[in-house]
There are 2 protein chains.
Amino acid sequence: MKSYDRLSERQRSILRYMEQYIDQNGFPPTIREIGLATDINSTSVVNYNLNKLVQAGYLTRSGRVSRGLRLVGKGDNEMRKIAPVNNGLRVPMVGHIVASEPVAIPEDAGHYYDQDSIINVTPDMLGGADPALVFALRVKGDSMIDAMVADGDIVLLRKQETAKQGDMVAVWLDENGETTLKLYYPEGERVRLQPKHPHMAPIYVDARHCHVRGKVLTVIRRVN
Amino acid sequence: MKSYDRLSERQRSILRYMEQYIDQNGFPPTIREIGLATDINSTSVVNYNLNKLVQAGYLTRSGRVSRGLRLVGKGDNEMRKIAPVNNGLRVPMVGHIVASEPVAIPEDAGHYYDQDSIINVTPDMLGGADPALVFALRVKGDSMIDAMVADGDIVLLRKQETAKQGDMVAVWLDENGETTLKLYYPEGERVRLQPKHPHMAPIYVDARHCHVRGKVLTVIRRVN
DNA sequence: TTTGACTTAGAACCTGTGTTCGTTTACAAT
DNA sequence: ATTGTAAACGAACACAGGTTCTAAGTCAAA
């Protein structure tokens, strides 16, 4: 994963246009307007490059709303963000975690996540884990609500096949044919999977049919 | 047309909302958003009043364009320059949010936060909000567990005194003498505070004794 | 009471606009 | 050549959101 993102001429051109457009109109342009102005004949390409710019930290987007663009770094007050700060890390979003569907865990080498699915995080969110082993999943459905994880949440996991008592892990259950997030408590032959929500009964499964995929490091939930 | 029209309360309300919204999001609101915020339940009425405001010279419109609104006399040139900005932003952690204790919200005036209480986040976690208005709180206790927020979680909030329907907000309740996180649903004289957890009964409070402190943008939970 | 200007509602309509997806090209590495 | 990946394309989709229309409620003046 190459880490220098030199902006392409196109991306620079988009920024230039946006700056001018906003200054001129008081609101950001649409994807199609950007395309027209920068000689891009496909909205998806504009969209693609906009996401690149978000990754590079040049702007932020409000998903699914028209003109939901915003240039980062508008004249702020104070020192707030002055300090260079450690750079963000980039973590691959390898898919969704849904009940009744296995999770595609990135194998040692062959990973093929598309660029769009890379999220930025800060080092402290990894809790010291090797960034190379960290991946992200988006939670679909409320099946993990008893683990205090809601639909749409993003979980950062560290790839590993074992777990310590009390770890919050993503486990594949042969029996149920699904992957879930639970608290992990090995008890000899069997494993107790304790929902995090108080007053909810634990699940017991055979240790041989319970495969740890990764340990949860952080849960991120974007609200609205 | 008599040009000396004093603005109606509604129209003034629209202007107020627009100003706040633009400041907050960097682009103007939609007709429907305006309606929602100013208790107008018909898009045509909003449209009607917007045209009035144009007549009165308070704003200009770009026909048949989404968010084609522009406050007149409002900063055209606000020094929006493209600042590369690396992926990290710094957000002050202003304290804890606990049942039965008020939250210290940072005031506009110059404030000084000590190093330890600053956390790093990435721009996309702010959902387009002005970084200068964002602050963080650490959740103490399980009192907000019905809002899917657990002990130890960090919540990123945007400082604001108003909220839209469905927003997850930090509200101060005179009655209970505490601040909590809930989903905000204004219903005329009263406010319905809906816990996020399904199958849990909402709380109803008098709108006058319910003060919004900030809107939750993101919830971050470090596991283990 | 009637009239007419002003304001509000609600729904229907339809274009604008973000999103997604299958495909294709360019280029570098193996 | 073969493979893998970044980048581009264009079409289709879905719904957000501006526009328009009909109807009705308010209120002051006649």
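These numbers come from a predicted model, not from an experiment. Just so it is clear: chains get the letters A, B, ... in the order the sequence lines come, proteins before strands, and each one is counted from 1.
- Sorted by residue number, the members of residues 29-44 of chain B with any non-hydrogen atom under 4.0 Å from DNA chain D read B:Thr30, B:Ile31, B:Arg32, B:Thr43, B:Ser44.
- A:Glu9 places its CD atom 16 Å from the C1' atom of D:dA8, with the value rounded to the nearest Å.
- Look at A:Glu19 and A:Arg16 and you find no salt bridge, because none of the NZ, NE, NH1 or NH2 atoms lies under 4.0 Å from a carboxylate O.
- Separating the CZ atom of B:Arg64 from the P atom of C:dC13 is a distance of 17 Å, rounded to the nearest angstrom.
- Atom CZ of B:Arg67 and atom CD1 of B:Ile34 lie 10.0 Å apart (nearest 0.5 Å).
- Summarising the geometry, atom CZ belonging to B:Arg32 is positioned 11.5 Å from atom OG belonging to B:Ser66; distances are rounded to the nearest 0.5 Å.
- In this structure, OH of B:Tyr48 is placed 13 Å from C1' of C:dA9, rounded to the nearest angstrom.
- Nucleic acid contact class of B:Gly68 (heavy atoms, under 4.0 Å, all strands): none.
- Going from atom CD of B:Gln11 over to atom P of C:dC6 covers 13 Å, rounded to whole Å.
- For the pair B:Asn47 and D:dT19, the criterion of a side-chain N or O lying under 4.0 Å from OP1 or OP2 is met.
- Atoms CE and CG, on B:Met148 and B:Leu183 in that order, are 11.5 Å from each other to the nearest 0.5 Å.
- A side-chain N or O of B:Thr60 and one of B:Arg70 form a donor-acceptor pair less than 3.5 Å apart.
- Of the side-chain N and O atoms in A:Arg10, one or more sit less than 4.0 angstrom from OP1 or OP2 of D:dA8.
- D:dA8 atom C1' lies 13 Å from atom NZ of A:Lys52, rounded to whole Å.
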Heavy-atom protein contacts under 4.0 Å, nucleotides 23-28 of chain D, coded B base, S sugar-phosphate only, - none:
------
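- The CD1-C1' distance, from B:Ile14 to C:dT8, rounds to 12 Å in whole Å.
- Looking at B:His209, B:Arg208, B:His211 one by one, the single match for side-chain hydrogen bond (donor to acceptor under 3.5 Å, both in side chains) with B:Asp174 turns out to be B:His211.
- Closest of all the heavy-atom pairs between A:Leu157 and A:Leu137 is CD1-CD1, 3.7 Å.
- Here A:Arg67 reaches the OP1 or OP2 of C:dT17: one of its side-chain N or O atoms lies under 4.0 Å away.
- Rounded to a whole Å, the CG atom of A:Asn49 is 11 Å from the C1' atom of D:dA6.
- Rounded to whole Å, the distance from CG on B:Asn51 to P on C:dT7 is 12 Å.
- Checked against D:dT19, C:dT17, C:dT19, the side chain of B:Val65 finds its nearest nucleotide in C:dT17.
- The side chain of B:Ser66 places an N or O atom within less than 4.0 Å of a non-bridging phosphate oxygen (OP1 or OP2) of C:dT17.
- Salt bridge annotation for B:Arg190-B:Asp206: absent, with no cationic side-chain nitrogen under 4.0 angstrom from a carboxylate oxygen.
- No side-chain N or O of B:Thr38 forms a donor-acceptor pair with one of B:Arg10 less than 3.5 Å apart.
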